[in-house]
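Following: one structure in structure tokens, then a few remarks.
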Amino acid sequence: MTRHFLSQLDLDRDTAATLLDRAIQMKREGFRSRQLEGRIFALIFEKASTRTRVSFETAIRHLGGDALFMTPRETQLGRNEPLKDTARVLSRYVDGLVVRTFGQEILEELAEWGDIPVVNALSDKLHPCQLMADLMTLKERFGDLNGLPVAWIGDGNNMANSWLESAALLPIELRLACPEGYEPDPLIVDAARDRGANFLLTRDPMKAVDGAKAVNTDVWVSMGQEDDAARIRSIFEPYQVDDALMAAADPDAIFLHCLPAHRGEEVTESVIESPASAVWDQAENRLHAQKALLEYIFS
Ligand code: CP
Ligand code: NVA
């Protein structure tokens, strides 16, 4: 059976927990292997990327595979070749697709029509690879995720949705503070609730961070939503992660941000550069978490 990773919910709980441990072990060992030797991956990126692209290309090469980077600009994707045709053609050449795109349905269509694994490298709805690195970072810092209070401050975007899916998989205690009209996807909220996730939705950032061990945020304007930028700024100002907000969290709390960050918007310079900031480990962990994921998909 082809193992896709379009959402974290493509994993079961035990697999998710095992992958985090494996990623930590791979990091400790500086893991290299030839297990993907002869395998070639097409990285199709319809949006900009620094971390995801480089960490995937590096992860693939650390495991002995190779990667081709594609954008719509220089391929027929930009000239509306149907996705189902692209999926079938690429399946004849390469062994896996790593795709950053807009609609989640694009990933689903590629998975349906191709016969090779498809990995979600970010969609408007979810950013599951990032969350594997974020959960790995929590595990590294705190050891046990059981009941770990984690705050999400800001937009109910792809990252917030993926945090909800994380709470559906692993026993963290998630609190999301989002402004009115910027809540996470209601279908994902319901699915997380149905799966017994431990989470709270509030408008109050102070309530979300109270005693939290990790305080997370992300850009106020995600890729593809730039038209809204001016209006969003005034709505999100109360949701900036600053020293006062961090002071309301646990004294050992870490700050997380998937990056890129906008200092003076969603986070202050003092917070992102503080000793509490775990963002560089978090970014590094993309590499290790994706190595563990690729090993699982191709094992
Ligand atoms: N966090 C993240 O996905 O970064 P990039 O957009 O640089 O890939
Ligand atoms: N929410 C952001 C994450 C970037 C890594 C975006 O989609 O632009």
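Just the heavy atoms: all of them, side chains too, but no hydrogens, waters or symmetry mates, feed the values below. Whatever order the structure lists ligands and atoms in, that order sets their numbers, starting from 1.
In the vicinity of Thr50, heavy-atom distances shorter than 4.0 Å reach the ligand 1 atoms 5 (P), 7 (O), 8 (O). Annotation for ligand 2: atoms under 4.0 Å from non-hydrogen atoms of Leu122 are 3 (C), 4 (C), 5 (C), 7 (O). Atoms of ligand 1 lying under 4.0 Å from at least one heavy atom of Cys258, given by number and element, are 1 (N). Less than 4.0 angstrom separates some heavy atom of Leu259 from each of these atoms of ligand 2: 5 (C). Close approach of ligand 1 to Arg286 is summarised as follows: ligand atoms under 4.0 Å from at least one heavy atom of the residue are 1 (N), 2 (C), 3 (O).
Between Met223 and ligand 1, a contact under 3.5 Å exists for no N or O pair. No N or O atom of Pro260 sits closer than 3.5 Å to an N or O atom of ligand 1. For a threshold of 3.5 Å applied to N or O pairs, the pair formed by Met223 and ligand 2 contains at least one separation below that value.
Under 4.0 angstrom from ligand 2, the non-hydrogen atoms of Val219 all belong to its side chain. Residue contacts with ligand 2 for Asn158 involve side-chain atoms from C-beta outward but no N, CA, C or O (heavy atoms, distance under 4.0 Å). Looking at Asp155 against ligand 2, nothing comes within 4.0 Å, counting heavy atoms.
Ranking protein heavy atoms by distance to atom 6 (O) of ligand 1, first place goes to Arg100 NH1, 2.8 Å. Remark: minimum distance from atom 4 (O) of ligand 1 to any protein heavy atom is reached at Arg51 NE, 2.8 Å.
Note that NE2 of His4 is 9.0 Å distant from CD1 of Ile116, once rounded to the nearest 0.5 Å.
For the pair Asp21 and Lys139, the salt-bridge criterion is met [side-chain N within less than 4.0 Å of a carboxylate O]. Between Arg79 and Glu81 there is no salt bridge, since no side-chain nitrogen of the basic residue lies less than 4.0 Å from a carboxylate oxygen of the acidic one. Under the 4.0 Å criterion applied to side-chain N and carboxylate O atoms, Arg61 and Asp66 are assigned as salt-bridge partners.
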Next on the checklist: Using side-chain hydrogen bond (donor to acceptor under 3.5 Å, both in side chains), reason through Asp124 and Gln104 one step at a time and then give a plain yes or no.
Outcome noted: CA-CA 7 Å; Asp124 291 341; Gln104 184 73 12; over 6 Å; no
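Among Val221, Leu126, Asp218, Asp124, the residue whose heavy atom sits closest to atom 3 (C) of ligand 2 is Asp218. Counting heavy atoms only, His127 comes closest to atom 3 (O) of ligand 1 of the residues His127, Met159, Lys47.
In this structure a side-chain-to-backbone donor-acceptor pair under 3.5 Å is missing from Lys213 to Phe142. The backbone N or O of Ile272 lies less than 3.5 Å from a partner atom in the side chain of Ser277, making a donor-acceptor pair.
Judged by distance alone, the side chains of Thr71 and Glu74 do bring a donor and an acceptor atom under 3.5 Å apart.
Ligand 1 lies within reach of Leu259, whose nearest heavy atom is under 4.0 Å from it.
Cation-pi geometry between Arg53 and Phe45 is not met: the NZ or CZ atom fails to fall both under 6.0 Å from the ring centre and inside 45° of the normal.
Leu169 and Gln8 make their closest contact through CD1-O, 3.4 Å (heavy atoms, listed as atom of the first residue, atom of the second, distance).
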